[in-house]
Amino acid sequence: PLAETSGLIIPIGEFVIRTACRQIKTWQEAGYKQMSIALNVSSRQFDQKNFTEMLRGILLDTMISPQCLELEITESIIMRNPEKAILTLTEIKAMGIELAIDDFGTGYSSLSYLKRLPLDFLKIDQSFVKNLASDPSDQAIVRATIAMAHSLNLKTIAEGVETEEQLSFLQEHGCDEIQGYLFSRPLPAEEITKVLAKGYL
């Protein structure tokens, strides 16, 4: 929050994107298959006038394919100025970068805007996944979200998957991808290399 309010999030955000792209390039040069890294974008970053130019410059500098990068935008960022967000996201999408809407279902998104957004992924918030094995309401919400996303030609990613029961439910209902401690805790780059070597990603 301090970085956001002070504006420091802008240079921090650029550093994170540039570092991630360099890491992708390092892995590619080491012979690992092409992969993408997903990065969260803050509201201050997204509102920068030169945000898309900055992305384009980093991709050019690091010489990686835009398809190797996925940006995650929250509902709240989009809904502050939906028309402007659609224009920005369309420009980013045209570059070849993949886009995800993060924490879906926790904000105040409008389905009329959702259908207009040039997205690739819809992320199911962990608050709906946490009690998935036992809560019929969460089960209904997750089922409906997956069905709606697929009808809009979006892939779904479930956040915060920690148990085999959660995984089984998500697999049964067609969730495309998962993230969470069941798969792996956050790891430094050198530890991820071991995961890549085993072909898990």
Side-chain angles (χ1 to χ4, degrees), residues 1-30 32-81 84-104 106-107 117-126 155 157-161 177-181 183-196 200-201:
L2 182 59
E4 187 86 17
T5 56
S6 68
L8 279 173
I9 195 69
I10 293 174
I12 291 171
E14 181 174 349
F15 168 80
V16 168
I17 295 170
R18 190 175 295 277
T19 301
C21 289
R22 285 175 176 160
Q23 185 61 63
I24 291 170
K25 186 67 174 176
T26 298
W27 283 328
Q28 288 178 348
E29 290 175 344
Y32 297 108
K33 68 178 183 179
Q34 181 167 310
M35 71 196 74
S36 64
I37 289 183
L39 302 171
N40 297 100
V41 176
S42 79
S43 59
R44 291 287 291 267
Q45 273 183 295
F46 190 73
D47 288 341
Q48 287 181 90
K49 289 183 180 179
N50 67 335
F51 183 57
T52 53
E53 287 79 7
M54 181 265 292
L55 289 172
R56 194 174 284 110
I58 290 175
L59 291 172
L60 199 60
D61 290 345
T62 55
M63 296 184 295
I64 66 164
S65 167
Q67 286 78 21
C68 294
L69 201 59
E70 175 192 321
L71 298 183
E72 299 183 357
I73 317 292
T74 63
E75 289 183 59
S76 58
I77 291 175
I78 293 169
M79 293 313 298
R80 282 186 300 116
N81 190 337
K84 182 177 181 295
I86 289 169
L87 291 173
T88 302
L89 291 172
T90 300
E91 190 175 349
I92 294 169
K93 179 70 174 174
M95 293 167 56
I97 295 172
E98 294 194 313
L99 296 167
I101 186 165
D102 198 12
D103 302 335
F104 183 77
T106 62
L117 296 170
L119 301 172
D120 299 285
F121 298 97
L122 188 153
K123 299 191 72 177
I124 303 168
D125 188 71
Q126 60 184 342
K155 291 183 178 180
I157 304 172
E159 300 177 310
V161 179
E177 298 180 15
I178 68 154
Q179 69 180 64
Y181 287 177
F183 173 68
S184 175
R185 290 181 176 272
L187 298 171
E190 56 270 19
E191 292 294 321
I192 294 176
T193 303
K194 298 174 185 177
V195 177
L196 296 175
Y200 290 161
L201 293 176

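We're numbering straight along the sequence, starting at 1.
The two atoms that bring Ile12 and Ala3 nearest to each other are CD1-CB, 4.1 Å, heavy atoms only. Between Phe46 and Lys84, the shortest heavy-atom distance links the atoms O-NZ, 4.4 Å. Between Ile9 and Gln45, the shortest heavy-atom distance links the atoms O-CG, 4.1 Å. For the residue pair Leu69 and Ile97, the shortest heavy atom distance occurs at O-CG2, 3.4 Å.
Considering only heavy atoms from C-beta on, Ile157 comes within 4.5 Å of Glu70 through its side chain. No side-chain heavy atom of Phe183 sits under 4.5 Å from any side-chain heavy atom of Val161. Side-chain contact between Cys68 and Gln28 is present, with at least one heavy-atom pair separated by less than 4.5 Å. In this structure, Ile37 and Trp27 have side chains that are in contact, with non-hydrogen atoms separated by less than 4.5 Å.
Checked by atom type and distance alone, the side chain of Glu191 never pairs as donor or acceptor with a backbone atom of Pro188 at under 3.5 Å. Using a distance-only test at 3.5 Å, with no hydrogens or angles considered, a donor-acceptor pair links the side chain of Asp120 to the main chain of Leu99. Glu4 contributes a side-chain N or O that, together with a main-chain N or O of Arg44, makes up a donor-acceptor pair within less than 3.5 Å.
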query: Where do Ile101 and Ile73 land on the side-chain contact (heavy atoms from CB on, under 4.5 Å) test, with the steps shown first?
result: CA-CA 5 Å; Ile101 186 165; Ile73 317 292; 5.9 Å; no
- request: Take Lys194 and Leu187, measure what side-chain contact (heavy atoms from CB on, under 4.5 Å) needs, and give me the verdict at the end.
  value: CA-CA 10 Å; Lys194 298 174 185 177; Leu187 298 171; over 6 Å; no
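The line from CD of Gln179 to CD of Gln126 is 8.5 Å long, rounded to the nearest 0.5 Å. We find the CD-CG distance between Gln67 and Leu59 to be 9.5 Å, quoted to the nearest 0.5 Å. The structure places CD of Glu75 at 8.0 Å from CG of Leu122, a figure rounded to the nearest 0.5 Å. For the atom pair CG (Leu55) and CE (Met95), the distance works out to 5.0 Å, reported to the nearest 0.5 Å. For the atom pair Ile178 CD1 and Glu159 CD, the distance stands at 12.0 Å (nearest 0.5 Å). One distance of note links CG of Leu89 with CG of Leu71; it measures 9.0 Å at 0.5 Å rounding.
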Run the side-chain donor-acceptor check on residues 19-26: report pairs under 3.5 Å with partners two or more places apart or on a different chain.
| residue | atom | partner | partner atom | Å |
| --- | --- | --- | --- | --- |
| Thr19 | OG1 | Phe15 | O | 2.7 |
| Lys25 | NZ | Met63 | O | 3.2 |
| Thr26 | OG1 | Arg22 | O | 3.0 |

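Shown here are the salt bridge (Lys or Arg N to Asp or Glu O under 4.0 Å) partners of Lys155, two or more places apart in sequence or in another chain: there are none.
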